[in-house]
Amino acid sequence: MKYKHTHRPGFLLGAVDFCTAGLFFLLYMPLSVQKEIDEILGKKTQPYWLAYLLGTFNFFVYTLVWMAKVCEDTKKKAIELGIKPHTSFKHMMLWNILGMLVIVGPAVATEGYFRTLNEIEEKLNSTE
């Protein structure tokens with residue numbers, strides 16, 4: 001089994017990240033997810049900590065766009081593997097911007113991303 005974490009609770013992770021103003025992902029992404037994302041996408045993505053740092057200067061718009069781009073790349077990889085994606089650039093942006101009106105929007109966006117990532121990792125594990 002190549003990927004050990006195929007059951008990440010996206011909604012819970014998103015809720016914790018929201019409650020900590022993004023500081024949770026500042027630790028969680030580089031310690032648990034960043035290497036897997038780079039490996040799955042087949043390219044080196046910008047480190048989350050740098051996207052977070054650059055986001056501090058513009059109300060975290062930069063950080064949101066960074067995550068939305070990663071979501072779009074993950075969606076393309078899911079489609080390539082024959083998996084129905086639950087995330088995209090638009091999904092991440094809309095749930096984070098408009099979803100703030102119902103407070104749980106960012107957690108819903110994160111759930112979609114990690115659900116897709118979990119399915120990709122499960123598929124890649126099964127093909128080894």
Quick check for you: to the nearest 0.5 Å, what is the distance between Thr127 atom OG1 and Asn125 atom CG? 8.0 Å

Can you give each donor-acceptor pair under 3.5 Å made by side-chain atoms of residues 61-72, sequence neighbours left out, with the distance rounded to 0.1 Å?
residue : atom : partner : partner atom : Å
Tyr62   : OH   : Gln46   : OE1          : 3.0
Tyr62   : OH   : Gln46   : NE2          : 3.2
Thr63   : OG1  : Ala51   : O            : 2.8
Trp66   : NE1  : Gln46   : O            : 3.1
Glu72   : OE1  : Phe89   : N            : 3.0
Glu72   : OE2  : Lys75   : NZ           : 3.4

Side chains of Tyr3 and Glu39: do they bring a donor and an acceptor to under 3.5 Å? yes

Value for OG (Ser32) from NZ (Lys4), rounded to nearest 0.5 Å, stands at 10.0 Å

Quick one: ring-ring contact (aromatic ring centres under 6.0 Å, His included) partners of Phe11, sequence neighbours excluded? none

Could you measure the distance from the CE atom of Met29 to the CD atom of Glu36? Nearest 0.5 Å is fine. 10.5 Å

Share the residues that join Phe18 in a hydrophobic cluster, the rule being Ile, Leu, Val, Met, Phe, Trp or Tyr side chains under 4.5 Å apart at the heavy-atom level. Met100, Ile103

Examine distances only and state if a side-chain atom of Lys44 and a backbone atom of Asp38 form a donor-acceptor pair shorter than 3.5 Å. no

Are Leu23 and Phe25 connected into the same hydrophobic cluster when the rule is that any two of I, L, V, M, F, W, Y join if their side-chain heavy atoms are below 4.5 Å apart? yes

Shortest non-hydrogen contact between Asn96 and Pro106, atoms and distance: OD1-CB, 3.4 Å

Taking C-beta and beyond as the side chain, do Leu117 and Val33 meet within less than 4.5 Å on heavy atoms? yes

For Tyr28, all residues meeting ring-ring contact (aromatic ring centres under 6.0 Å, His included), sequence neighbours excluded: Phe24

Out of curiosity, Leu41 CG to Thr74 OG1, how far, rounded to the nearest 0.5 Å? 5.0 Å

Under 4.5 Å side-chain linkage, directly or through intermediates, the cluster mates of Ile79: none

Co-membership, hydrophobic cluster, residues Ile37 and Tyr48, 4.5 Å side-chain: yes

Qualifying salt bridge (Lys or Arg N to Asp or Glu O under 4.0 Å) pairs, either residue in residues 11-22, two or more places apart: none

For residues Ala78 and Thr116, report the shortest heavy-atom separation together with the two atoms involved. CB-CG2, 3.8 Å

Roughly how far, to the nearest 0.5 Å, is the CD1 atom of Ile120 from the CZ atom of Phe114? 12.0 Å

Salt-bridged, Arg8 to Glu121, with N to O below 4.0 Å? yes

Do Met92 and Val104 belong to the same hydrophobic cluster, where Ile, Leu, Val, Met, Phe, Trp and Tyr are linked whenever their side-chain heavy atoms lie under 4.5 Å apart, directly or via other members? no

Are Leu12 and Val108 connected into the same hydrophobic cluster when the rule is that any two of I, L, V, M, F, W, Y join if their side-chain heavy atoms are below 4.5 Å apart? no

Less than 3.5 Å apart, any donor N or O on the side chain of Glu119 or His86 sitting next to an acceptor on the other? yes

Could you grab the distance from atom OG1 of Thr56 to atom CG of Leu53, nearest 0.5 Å is fine? 5.0 Å

Side-chain donor-acceptor contact under 3.5 Å, Thr6 with Asn118: no

